[in-house]
Amino acid sequence: MAYKTLEEYNIKVTDSVREQYKNIITDLGEDIGRDGLLKTPERAAKAMQFLTQGYHQDAAEILKTAMFKEDYNEMVIVKDIELYSLCEHHILPFFGKAHIAYIPNGYIVGLSKLPRIVDVYARRLQVQERLTHDILECINNTLKPQGVAVVIEASHMCMMMRGVQKQNSVTTTSGFRGQFEKIETRNEFLKLISADLG
Ligand SMILES: Nc1nc2c(ncn2[C@@H]2O[C@H](COP(=O)(O)OP(=O)(O)OP(=O)(O)O)[C@@H](O)[C@H]2O)c(=O)[nH]1
Ligand SMILES: [Zn+2]
């Protein structure tokens, strides 16, 4: 990075993206001088930077900050983790829920770190399949558990607001490593994430 700090880099990016948004908004037929739009290029630039901040974050480092030695060999599940991402084909949102499980192998991880790594990978231009694998591989390679499973259910705005315009379709992706490759373990996980325990 040619800048001393991430903050300095972000300010330069805001400046550049703001100017490009001015052109985009004008080309789309709007009057950039209109009162309500005066600050829009700057706001839009900052919003896009927020939604893609995952490029500057290291998910493995986040996991490593909260790994604790513990002799617990049962399945740990964090389900219904809400996520918002951007599809890399249209730069439109896709959103839904991630469900994550792992079976420890000497170490447990601070529970909040699992939603945090979902956000690191979701806040990039993504496809749902790669998002699923990014989360799966990060946990597998960093925590080195006996097994890990990730399921994501999401709706894609590019299929709702435009294109095929289907309002109710939900896409499910999944990945399983280690113990979760065994059908009984995988089924126990799938049963637990679909059960309403409340
Ligand atoms: N596999 C996958 N496809 C996605 C995802 N997000 C968007 N897409 C699809 O990416 C495809 C891009 O296809 P193209 O034919 O190049 O684009 P398009 O003409 O805009 O396609 P339509 O959406 O069908 O109008 C579309 O089928 C989208 O539904 C994703 O996360 N995973
Ligand atoms: Zn799309």
Side-chain angles (χ1 to χ4, degrees), residues 13-14 16-30 37 40-60 62-63 77-102 113-143 147-178 180-181 183 186-187 189-190 192-194:
V13 173
T14 306
S16 164
V17 176
R18 180 188 61 226
E19 294 311 305
Q20 293 173 73
Y21 264 125
K22 284 184 187 170
N23 291 330
I24 292 170
I25 294 167
T26 305
D27 286 352
L28 293 175
E30 259 290 0
L37 290 182
T40 297
E42 172 107 7
R43 290 191 201 97
K46 286 182 176 166
M48 284 308 291
Q49 283 176 279
F50 179 87
L51 297 173
T52 57
Q53 64 184 283
Y55 290 123
H56 312 292
Q57 295 169 335
D58 186 333
I62 290 172
L63 274 192
I77 303 178
V78 180
K79 68 172 196 170
D80 294 336
I81 303 166
E82 68 265 33
L83 69 90
Y84 297 90
S85 189
L86 292 170
C87 96
E88 68 183 16
H89 303 125
H90 302 94
I91 320 191
L92 285 173
F94 66 92
F95 59 95
K97 289 174 183 173
H99 313 290
I100 300 177
Y102 75 99
K113 305 305 176 192
L114 298 175
R116 282 189 191 282
I117 67 162
V118 169
D119 286 344
V120 168
Y121 290 116
R123 289 173 176 160
R124 301 176 182 196
L125 301 187
Q126 274 288 11
V127 291
Q128 188 176 326
E129 294 90 333
R130 193 171 65 243
L131 175 59
T132 308
H133 267 156
D134 284 346
I135 298 165
L136 189 78
E137 294 303 342
C138 176
I139 297 169
N140 202 37
N141 297 334
T142 310
L143 193 60
V148 55
V150 176
V151 169
I152 294 180
E153 302 167 282
S155 302
H156 291 245
M157 293 305 284
C158 66
M159 291 175 67
M160 298 168 76
M161 295 174 73
R162 56 159 300 288
V164 286
Q165 299 177 62
K166 297 298 171 210
Q167 307 311 316
N168 300 309
S169 72
V170 175
T171 303
T172 303
T173 46
S174 59
F176 305 97
R177 292 284 181 272
F180 287 92
E181 289 169 52
I183 196 77
R186 183 185 301 204
N187 281 346
F189 163 65
L190 294 174
L192 284 167
I193 62 170
S194 33

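Both ligands and their constituent atoms are indexed starting at 1 by order of listing.
Heavy-atom contacts of Cys158 reach the following atoms of ligand 1: 7 (C) (cutoff under 4.0 Å). Ligand-side atoms of ligand 1 in range of His156: 5 (C), 6 (N), 30 (C), 31 (O), range being under 4.0 angstrom from any heavy atom. Annotation for ligand 1: atoms under 4.0 Å from non-hydrogen atoms of Gly163 are 25 (O). Taking every heavy atom of Cys87 and a limit of under 4.0 angstrom, the matching atoms of ligand 1 come to 6 (N).
Put simply, the side chain of Lys79 does not reach to within 4.5 Å of the side chain of Leu192, judged on heavy atoms. Taking the side chain as every heavy atom from C-beta outward, Met160 and Ser155 approach each other to under 4.5 Å. You'll find the side chain of Val118 reaches within 4.5 Å of the side chain of Ile100, heavy atoms only. Counting heavy atoms from C-beta on, the side chains of Leu143 and Val148 never come closer than 4.5 Å.
The protein non-hydrogen atom at the shortest distance from atom 29 (O) of ligand 1 is Met159 CG, 3.9 Å. Shortest contact from atom 3 (N) of ligand 1 to any protein heavy atom: His89 CE1, 4.0 Å. For atom 20 (O) of ligand 1, the closest non-hydrogen atom on the protein side is His90 NE2, 2.7 Å.
Between Glu88 and Arg124 there is no salt bridge, since no side-chain N of the basic residue sits under 4.0 Å from a carboxylate O of the acidic one. Using a cut-off of 4.0 Å between Lys/Arg side-chain N and Asp/Glu carboxylate O, Lys97 and Glu153 are scored as not salt-bridged.
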**OP:** List the steps, then state whether side-chain hydrogen bond (donor to acceptor under 3.5 Å, both in side chains) holds for Ser85 with Gln126.
**Re:** CA-CA 7 Å; Ser85 189; Gln126 274 288 11; 5.9 Å; no
Original post:
Do Gln20 and Ser16 pass the side-chain hydrogen bond (donor to acceptor under 3.5 Å, both in side chains) test, and can you show the C-alpha distance, the side-chain angles, and the key distance before you say yes or no?
Top reply: CA-CA 6 Å; Gln20 293 173 73; Ser16 164; 2.9 Å; yes
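Note that CZ of Arg130 is 8.5 Å distant from CG of Leu125, once rounded to the nearest 0.5 Å. A distance of 7.5 Å separates CG of Leu86 from OG1 of Thr52, quoted to the nearest 0.5 Å.
Ligand 1 lies within reach of Arg162, whose nearest heavy atom is under 4.0 Å from it. The closest approach between Glu88 and ligand 1 stays at or above 4.0 Å for every heavy atom of the residue.
Classified by interplanar angle (parallel below 30°, tilted 30° to 60°, perpendicular above 60°), the ring pair Phe94/His156 is parallel.
Contacts between Gln126 and ligand 1, counted as non-hydrogen atom pairs separated by less than 4.0 Å, are absent for every part of the residue.
At a distance under 4.0 Å, a protein heavy atom can be found next to atom 1 (N) of ligand 1. By the definition of a contact as any protein heavy atom under 4.0 Å away, atom 24 (O) of ligand 1 is not in contact. For atom 16 (O) of ligand 1, no protein heavy-atom neighbour is present inside the 4.0 Å cut-off. Protein heavy atoms are found inside the 4.0 Å sphere centred on atom 10 (O) of ligand 1. Remark: atom 31 (O) of ligand 1 lies closer than 4.0 Å to at least one protein heavy atom. Distance screen at 4.0 Å: atom 27 (O) of ligand 1 has no protein heavy-atom neighbour inside the cut-off.
Residue His90 counts as close to the Zn ion (ligand 2), with an N, O or S atom under 2.8 Å.
Each of Glu42, Gln49, Lys46 was evaluated against Thr14; a single residue qualifies, Gln49, per the side chain to side chain donor-acceptor pair (under 3.5 Å) test.
At least one N or O atom of Gln128 sits closer than 3.5 Å to an N or O atom of ligand 1.
With the Zn ion (ligand 2) as the vertex, atom SG of Cys87 and atom SG of Cys158 span an angle of 130° (nearest 10 degrees).
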